[in-house]
Undergrad: 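Shown below is the structure under consideration.
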Amino acid sequence: MTTTLSAPPQPTRVPRPWDARTQRPAGNRVVKGVIKHAVLLCVLLIMLYPLLWMVGASFRPGNQTFAGLSLFSDTYTLQNYADGWSVGNLNFSRYFVNSAIITIGQIVGNLVACSLTAYAFARLEFPFKRVLFGMVIATMLLPQHVTLIPKYIIFNQMGWVDTYLPLTVPHFFAVDAFFIFLMVQFIRTLPKSLDESARIDGCGHWGIFWRIIMPMSLPAIGTTAMFTFVWAWNDLLGPLLYLPSSDLWTVSLGLNSFLDQTGQSTYGTLFAMATLSLAPIVGFFIASQRLLVEGIATTGLK
């Protein structure tokens, strides 16, 4: 007769709310989380305070613009917006259209030219590839003011001054080395096996570029479009040089015209128009951020 020996029962361990050796008390985590979020909110408020104050000041009457540092006022008015939209010889409806034309032209130029150039450096093999890519990167170290006068002389001799051409056409020739470098680094992270599969299916370089590289490069494309929009919309030096006619002025030139030679200004209308000029930037940033998130989430699935 065989006797089966059973293991002795193990003592039941009573679960504790927390173990000092493995994790911290739940109360300490909550306190630290509250402190961290409180600090972040304070920093955020400090960073946004000048912007919020400007928006609030744009709704105050002219004699109360600098009444205090408070974000709120006892009296609000929309007169600053009505006066600033068409004050004197200024026409901000036209300025917004001009800024939109120049900005869209620069975005399209950078997306097309920089993406093609980045694909060539990241995927193709040709003589002096490394040397040429190094020269492109070296242009990032060249100050903009060094080429300012030569470019103005060239554009003036071509008859492009007082037109949109000097501010849009150069971007169709991949003049922004930062975006080329950004796209090259992103395309290099994409597996080359996708290119080989597309080539087996009969795609050439154009087919690989438009059907494989571009759809998977949405994060880099969104970043390029977002930065180009902000830089083009806020640019003051370029329009100041090439657009002497007031009919071609951009929003930045319109805001600059509020200041006279002594540095004085009608600050109520200036703040109102500055607030309106920020609206497209905020809207485009939100749209680009959504595109950027979607591009990262779907990378490798298309």
Undergrad: Please report the interatomic distance NE2(H171) to CG(L111), rounded to the nearest 0.5 Å.
TA: 12.0 Å
Undergrad: Hey, are the side chains of S277 and W233 touching, using non-hydrogen atoms and a 4.5 Å cut-off?
TA: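 The answer is yes; the side chains approach within 4.5 Å.
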Undergrad: Side chains of L237 and L148, heavy atoms from C-beta outward: is any pair under 4.5 Å?
TA: yes
Undergrad: Hey, can you pull the donor-acceptor pairs under 3.5 Å for the side chains in residues 198-219, sequence neighbours left out?
TA:
residue: H205; atom: ND1; partner: Y119; partner atom: OH; Å: 3.2
residue: S217; atom: OG; partner: I213; partner atom: O; Å: 2.6

Undergrad: Under a single-linkage rule joining Ile, Leu, Val, Met, Phe, Trp and Tyr whose side-chain heavy atoms are separated by less than 4.5 Å, which residues share a cluster with I153?
TA: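 Its cluster partners, ordered by chain and number, are I149.
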Undergrad: Test of understanding: with side-chain contact (heavy atoms from CB on, under 4.5 Å), list the residues that count as partners of F59, not counting sequence neighbours.
TA: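 Here the qualifying residues are V55, Y76, L78, Y81.
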Undergrad: Once side-chain contact (heavy atoms from CB on, under 4.5 Å) is applied, do any residues pair with M135, and if so which ones, sequence neighbours excluded?
TA: V131, L132
Undergrad: Hey, what do you get for CG (N156) to CG (L241), rounding to the nearest 0.5 Å?
TA: 11.5 Å
Undergrad: Is the shortest heavy-atom distance from the side chain of Y152 to the side chain of V161 under 4.5 Å?
TA: yes
Undergrad: Please set out all donor-acceptor pairs under 3.5 angstrom arising from side-chain atoms of residues 97-108, sequence neighbours excluded.
TA:
residue: N98; atom: OD1; partner: R94; partner atom: NE; Å: 3.3
residue: N98; atom: OD1; partner: Y164; partner atom: OH; Å: 2.6
residue: N98; atom: ND2; partner: R94; partner atom: O; Å: 3.3
residue: N98; atom: ND2; partner: D247; partner atom: O; Å: 2.9
residue: N98; atom: ND2; partner: W249; partner atom: O; Å: 2.7
residue: S99; atom: OG; partner: Y95; partner atom: O; Å: 3.1
residue: S99; atom: OG; partner: V251; partner atom: N; Å: 2.8
residue: T103; atom: OG1; partner: S99; partner atom: O; Å: 2.7
residue: Q106; atom: NE2; partner: L167; partner atom: O; Å: 2.9

Undergrad: Show every donor-acceptor pair shorter than 3.5 Å between a side-chain atom in residues 181-191 and any protein atom, with sequence neighbours excluded, or say none if there are none.
TA:
residue: Q185; atom: OE1; partner: R188; partner atom: NH1; Å: 3.3
residue: T189; atom: OG1; partner: F186; partner atom: O; Å: 2.4

Undergrad: Please check if L124 and L116 belong to a single hydrophobic cluster, counting links between Ile, Leu, Val, Met, Phe, Trp and Tyr side chain heavy atoms closer than 4.5 Å.
TA: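 Cluster IDs for L124 and L116 match.
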Undergrad: Salt bridge (charged side-chain N to carboxylate O under 4.0 Å, His left out) with K129: which residues, sequence neighbours excluded?
TA: E125
Undergrad: Considering residues at least two apart in sequence or located in another chain, which fulfil the side chain to side chain donor-acceptor pair (under 3.5 Å) criterion with S245?
TA: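 S245 satisfies side chain to side chain donor-acceptor pair (under 3.5 Å) with D162 once adjacent residues are dropped.
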Undergrad: Rounded to the nearest 0.5 Å, what separation is found between the CG atom of L255 and the CG atom of L253?
TA: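 If I round to the nearest 0.5 Å, the distance is 9.0 Å.
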Undergrad: What is the distance from atom CG of L270 to atom CG of N80, rounded to the nearest 0.5 Å?
TA: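 If we round to the nearest 0.5 Å, L270:CG and N80:CG are 10.0 Å apart.
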Undergrad: Do V136 and T117 have side chains that approach each other closer than 4.5 Å (heavy atoms only, starting at C-beta)?
TA: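 A side-chain contact is absent here, since even the closest heavy-atom pair is not under 4.5 Å.
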Undergrad: With F284, which of F227, W231, F229 fulfils ring pair (Phe, Tyr, Trp, His ring centres under 6.0 Å)?
TA: F229
Undergrad: Suppose we screen for salt bridge (charged side-chain N to carboxylate O under 4.0 Å, His left out). Which residues come up paired with D195, at least two apart in sequence or across chains?
TA: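 For D195, the residues satisfying salt bridge (charged side-chain N to carboxylate O under 4.0 Å, His left out) (neighbours in sequence not counted) are R123.
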Undergrad: Taking atom OH of Y49 and atom CG of L44, what is their separation to the nearest 0.5 Å?
TA: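 The distance works out to 15.0 Å.
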Undergrad: Just verifying a value: how many Å separate F173 CZ and N110 CG, rounded to the nearest 0.5 Å?
TA: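 F173 CZ to N110 CG: 13.0 Å, rounded to 0.5 Å.
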Undergrad: Just jot down the side-chain contact (heavy atoms from CB on, under 4.5 Å) partners of L45, sequence neighbours excluded, or say none.
TA: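 L45 satisfies side-chain contact (heavy atoms from CB on, under 4.5 Å) with no residue once adjacent residues are dropped.
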Undergrad: Can you say whether the rings of F258 and F92 are parallel (under 30°), tilted (30 to 60°) or perpendicular (over 60°)?
TA: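 F258 and F92: parallel rings.
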Undergrad: Looking at M47 and P50, what are the two nearest heavy atoms and their distance?
TA: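 Smallest heavy-atom distance, with atoms named: O-CD, 3.6 Å.
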Undergrad: Is there a side-chain contact between F126 and F121, using heavy atoms and a 4.5 Å cut-off?
TA: yes
Undergrad: When Ile, Leu, Val, Met, Phe, Trp and Tyr are grouped by side-chain heavy atoms lying under 4.5 Å apart, directly or through other members, which residues fall in the same group as L142?
TA: V146
Undergrad: Under the side chain to side chain contact (heavy atoms under 4.5 Å, CB included) criterion, do Y242 and K151 qualify, and how do the steps go?
TA: CA-CA 11 Å; Y242 300 116; K151 287 193 300 184; 3.9 Å; yes
Undergrad: For M54, which residues count as a side-chain contact (heavy atoms from CB on, under 4.5 Å) partner, sequence neighbours excluded?
TA: L51, F271, A274, T275, L278
Undergrad: How are the rings of W85 and F96 set relative to one another: parallel (under 30°), tilted (30 to 60°) or perpendicular (over 60°)?
TA: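 Ring orientation of W85 relative to F96: parallel.
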